[in-house]
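So the structure is just underneath, and the comments pick up after that.
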Protein chains: 2
Amino acid sequence: MTDTYPDQAFAKHDHRHCIKAALREAARICRERNGRLTEQRQRVLELVWKSHKPVGAYVILEQLRADGFNGAPPTVYRALDFLLEHGLIHRIESLNAYTGCAHPGEQHSGQFLICSHCQRVAELDDLKVKKAIRNSAALHGFKADHQVIEIRGLCPQCQDH
Amino acid sequence: MTDTYPDQAFAKHDHRHCIKAALREAARICRERNGRLTEQRQRVLELVWKSHKPVGAYVILEQLRADGFNGAPPTVYRALDFLLEHGLIHRIESLNAYTGCAHPGEQHSGQFLICSHCQRVAELDDLKVKKAIRNSAALHGFKADHQVIEIRGLCPQCQDH
DNA sequence: CCGGGGTTGTTATACTATAACATAACGAAT
DNA sequence: ATTCGTTATGTTATAGTATAACAACCCCGG
């Protein structure tokens, strides 16, 4: 696999479908691993997916509250931690924000294209990039373990502004 | 140029030399550009370089204070911003910390190997990685502008633990 | 029914960063 | 040397991000 969603990344699509698929996948993965996808965790996952761009923990918190839930930051962070551990979401380091994982379950560290204009993010998993990095690290005797790759720029739709 | 400091990255070396060289380089670059390398900025740059691992803004602040300076966060952040703008330091997104730039002046976005054990960081500028990423982005019609690449793992010295 | 692991509630606090406005230092032009 | 605009710094307050610590709860297996 070089690229999982070659074009879909920034393309228009029915996002409700994504959300549903993500929830279904999450349920499956958690069942497999005996992870408990509780009501809270599911709600947080849904909120992450609902946004078409990465969301901060406190935005999620606000939305939970708007939804009648009266919680505090730790609740949200715990849910996020759980989802991160199980590979259901990613954290975008350069934004302090979280985004749904495009192909959960498989072990992978994401590579992200982040549009500086519309804030949308596409997740890649390019083998060549991964290899180039692994080689480069190996050259220095470095044993790579996890990679944070976040590319800023303009997505196709935003290049004419 | 593929790699600038092939082995030196994690190798032992007289770090005082690095600091001096960095300060000298910084002075030269600022002179060239009419940037003012003030006392404060120089002190901050020195503190960043003095640490062999990335330092947080508040650690720098502490050290400035220990040094008789009675300042507040904005002072430090302003100095850091200046140094970042002029390519004299880098920000490590995944650590919220700052580290001296190994080859200032040249335009480049760093690639970093970050040791999870000793926290030291090596800066690379691997052409193959850069190209792989540029290609990958291009495949998606994405116009890349800046790349954040931070690889976690174990440096040569820390792999036996 | 009991017990124990995992989950959530709750309060407080640490850590990271910036807004906004006042003052001071610098440097080019007169 | 004086003036003036620009850039840099001081200062206070606050926004934004994340975790520590402990109590209460719940689910499920024995």
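Residue numbers start from 1 in every chain, and the chains themselves are labelled A, B, ... in the order their sequence lines are given, proteins ahead of strands.
D:dC25 atom P lies 16 Å from atom CZ of A:Arg36, rounded to whole Å. In this structure, B:Leu84 places its CG atom 15 Å from C1' of C:dT18, rounding to the nearest Å. Residue A:Asp81 contributes atom CG, which lies 15 Å from atom P of C:dG6 at whole-angstrom precision. In this structure, A:Glu62 places its CD atom 13 Å from P of D:dA15, rounding to the nearest Å. Rounded to whole angstrom, the span from the CG atom of A:Leu37 across to the C1' atom of C:dT8 amounts to 15 Å. One can place CD of B:Gln42 at 15 Å from P of D:dA8, the figure rounded to the nearest angstrom. Rounded to an integer number of Å, the gap from A:Asn34 CG to D:dC28 C1' is 12 Å. Distance B:Leu80 CG to D:dA8 P: 15 Å, rounded to the nearest Å.
With B:Asp67 contributing its side chain and B:Phe69 its backbone, the two residues share no donor-acceptor pair below 3.5 Å.
Judged purely by distance below 3.5 Å, without hydrogens or angles, the side chains of B:His15 and B:His13 pair a donor atom with an acceptor atom. One side chain, B:Ser94 or B:Glu150, offers a donor N or O that lies under 3.5 Å from an acceptor on the other. For the residue pair B:Arg120/B:Gln157, the side-chain donor-acceptor check at 3.5 Å is satisfied.
Residue A:Phe82 is the one, among A:Ala72 and A:Phe82, whose nearest nucleotide of DNA chain C lies closer to the 5' end (criterion: closest heavy atom). Of the two residues contacting DNA chain D, namely B:Pro74 and B:Thr38, the nearest-nucleotide position lying further toward the 5' end is that of B:Thr38. Closest-nucleotide positions on DNA chain D for B:Arg41 and B:Asn96 were compared, and the one nearer the 5' end corresponds to B:Arg41.
In this model, the phosphate group of D:dG10 is approached by a side-chain N or O of B:Thr75 to a distance below 4.0 Å at OP1 or OP2. For C:dA17, one of the phosphate oxygens OP1 or OP2 lies less than 4.0 angstrom from a side-chain nitrogen or oxygen of B:Tyr98. Between B:Tyr77 and C:dT18, a side-chain N or O to OP1/OP2 separation shorter than 4.0 Å is absent.
The pair B:Lys128-B:Asp126 does not count as a salt bridge, with every side-chain nitrogen at least 4.0 angstrom from each carboxylate oxygen.
Scanning atom types as modelled, one donor and one acceptor separated by under 3.5 angstrom connect the side chain of A:Arg78 and the base of C:dG9.
Picking from C:dC26, C:dA17, D:dG10 the nucleotide with the shortest atom distance to the side chain of B:Arg91 gives C:dA17. In this structure, the nucleotide among D:dG10, C:dT18, D:dT19 sitting nearest to the side chain of B:Pro73 is C:dT18. With distances taken from any side-chain atom of A:Ala57 to the nucleotides C:dT8, D:dA18, C:dT16, the minimum falls on D:dA18.
Stacking of B:Tyr58 onto the six-membered ring of C:dT16 is present: less than 5.5 angstrom between centres, less than 30° between planes.
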